[in-house]
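Below: one structure, written as structure tokens.
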Amino acid sequence: MKNNSTNNARIIYEYTKFLKEAKRLDDSTVDGALKSINRFEGCTGYLDFRKFRAKHAIAFKKNLLSKKSLATGEKLSKATVLTATRHLKAFFQYLATQKGYRAKVNYSDIEYFNLSEKDTRIGNAKRKRSVATIEQIVKTLEGMPCSTSIEMRDRALIAFVILTGARDGAVASAKIKHIDLADHSFYQDARDVNTKFSKTFTTYFFPVGELPHKILADWIDYLVTELGYKQNSPLFPKTKLAHDANQQFEAVGLLEEHWSNANPIRKIFAQAFALAGLPYFNPHSFRNTLVRLGEKLCQTPEEFKAWSQNLGHESVLTSFYSYGDVPDYKQAELLRKLSKPAQNTSHDMEEQFKQFMQFQQMKGNI
């Protein structure tokens with residue numbers, strides 16, 4: 001951050017520590033906030049934060065709303081702008097509580113970071129998500145090559161994600177010892193596995209067919225018997241690179257180390273779906289796939305609660321609100337069904353749902 005003042009650098013450092021230690025946010029979330037702050041500084045010419053006024057917030061909003069994305073060449077989306085302005089609003093609210101800034105930063109000026117009601121609605125609008133079906137994922141697995149160790153790893157990786165719904169950070173940090181094939185489970189131990197909010201829990205394999213389970217079992221057997229990996233070794237080791245005859249890097253096998261981030265996982269997903277002639281479905285979208293499968297298979301609130309818990313959600317409403325959006329075709333199907341008189345309504349189902357809703361109200365979830 002060139003030309004940044006010493007005061008700005010110091011308070012940004014303190015704010016970073018506040019977000020990580022007090023708010024307990026993960027690195028990616030903190031990085032997003034810092035990126036927004038850096039955008040603001042660039043817009044204001046690295047103005048000392050103590051000189052902040054409403055006019056700077058207004059200028060920042062106008063700048064973002066007219067700015068184009070370097071990746072797409074299009075104007076920044078309202079969602080991106082909304083996220084950035086919320087980051088700045090939270091940052092200046094923090095500054096207003098800090099020594100040396102309390103008398104300088106006016107709370108009413110901070111409110112000028114708010115977007116118009118129209119732009120806020122657009123920024124908050126839920127977009128259609130690209131969600132793969134189980135059939136598409138199985139088709140992709142069937143078409144993936146598996147003659148080399150790298151190809152076997154890539155195939156097992158996709159099988160593992162649909163079996164567990166694990167987030168890519170957890171997948172990248174998983175070890176062989178965390179998998180119990182006999183128990184069909186993945187122990188997400190936060191001491192080793194990079195889980196969201198450092199939460200420890202066990203995920204039991206979802207009922208997505210025999211092929212993913214067989215692929216994972218064969219992969220672990222290969223790691224242990226063929227490569228001599230131990231229980232503490234990475235489940236998905238990183239690619240080993242070496243120079244070819246032209247002094248260019250090429251993949252030559254596996255390195256018994258964890259990936260440092262989830263970028264290689266996303267690349268593997270992109271290549272696999274392209275090979276299958278399907279659009280790209282990112283690793284996280286498999287969680288949406290599993291929620292939709294759960295909505296189809298679960299017959300009672302208790303079953304869906306267990307399904308939701310298996311994804312690491314403390315509240316079943318998280319599954320409904322964050323992942324359980326109804327696709328267009330299903331929405332039409334349900335509404336047509338509801339237009340007809342109800343038949344064979346299960347009294348037991350109604351009673352269980354009533355009890356479940358009462359339980360959620362007692363917990364304060366609704």
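Only a predicted model underlies this, so the values are computations on that prediction, with no experimental measurement involved.
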In a table with atom names and distances, give each donor-acceptor pair under 3.5 Å that connects a side chain of residues 88-101 to protein atoms at least two apart or in another chain.
from, atom 1, to, atom 2, distance (Å)
K89, NZ, E111, OE1, 3.4
K89, NZ, N114, OD1, 2.9
T97, OG1, Y94, O, 2.6

**Message:** Test: salt bridge (Lys or Arg N to Asp or Glu O under 4.0 Å). Region: residues 214-227. Which pairs qualify, not counting sequence neighbours?
**Reply:**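 Salt bridge (Lys or Arg N to Asp or Glu O under 4.0 Å) check on residues 214-227 returns K214-D218.
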**Salt-bridge contact D26-K196 (side-chain N to carboxylate O under 4.0 Å)** =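 Salt bridge: no.
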**Asked** Can K17 and E14 be counted as an ion pair, charged N to O under 4.0 angstrom?
**Response**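 Counted as a salt bridge, because a side-chain N and a carboxylate O are separated by less than 4.0 Å.
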**Closest heavy-atom pair and its distance - T164, F206** =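 Heavy atoms of T164 and F206 come nearest at O-CE1, 3.5 Å.
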**Asked** Which atoms form the tightest heavy-atom contact between H56 and F40, and what is the distance?
**Response**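 Looks like O-CE1, 3.9 Å.
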**Asked** What residues form a ring pair (Phe, Tyr, Trp, His ring centres under 6.0 Å) with F286, not counting sequence neighbours?
**Response**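 Listed in chain order: F269.
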**Request:** Measure the spacing between OG1 of T44 and NZ of K51 and express it to the nearest 0.5 Å.
**Result:**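 Those atoms lie 11.0 Å apart.
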**Request:** Could you tell me whether the side chain of T195 and the main chain of K199 form a donor-acceptor pair under 3.5 Å?
**Result:**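 Yes, T195 side chain to K199 backbone: donor-acceptor pair under 3.5 Å.
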**Request:** Check for a donor-acceptor pair, side chain of S36 on one end and backbone N or O of G32 on the other, with a separation under 3.5 Å.
**Result:**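 Indeed, once roles are kept as given, a pair shorter than 3.5 Å links the two residues.
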Going by atom type alone, with no hydrogens or angles, which donor-acceptor pairs under 3.5 Å involve a side-chain atom of residues 176-183 and a protein atom two or more places apart or on another chain?
from, atom 1, to, atom 2, distance (Å)
K177, NZ, D192, OD2, 3.4
K177, NZ, N232, OD1, 3.0
H178, ND1, K175, N, 3.0
H178, NE2, D192, OD2, 3.3
D180, OD1, A182, N, 3.1
D180, OD1, D183, N, 3.0
D183, OD2, S185, OG, 3.3

**Request:** Just jot down the salt bridge (Lys or Arg N to Asp or Glu O under 4.0 Å) partners of D109, sequence neighbours excluded, or say none.
**Result:**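 Applying salt bridge (Lys or Arg N to Asp or Glu O under 4.0 Å) to D109 gives none.
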**Item:** Residue list, side-chain contact (heavy atoms from CB on, under 4.5 Å) with R39, at least two apart or on another chain
**Value:**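 Residues passing side-chain contact (heavy atoms from CB on, under 4.5 Å) with R39: K35, F60, L64, L76, T80.
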**Any side-chain heavy-atom pair of R287 and V291 under 4.5 Å** =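 Result no, sub-4.5 Å side-chain heavy-atom pair not found.
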**Asked** Aromatic rings F52 and F113: how do their planes relate, parallel, tilted or perpendicular, breaks at 30° and 60°?
**Response**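 Plane angle under 30°, so parallel.
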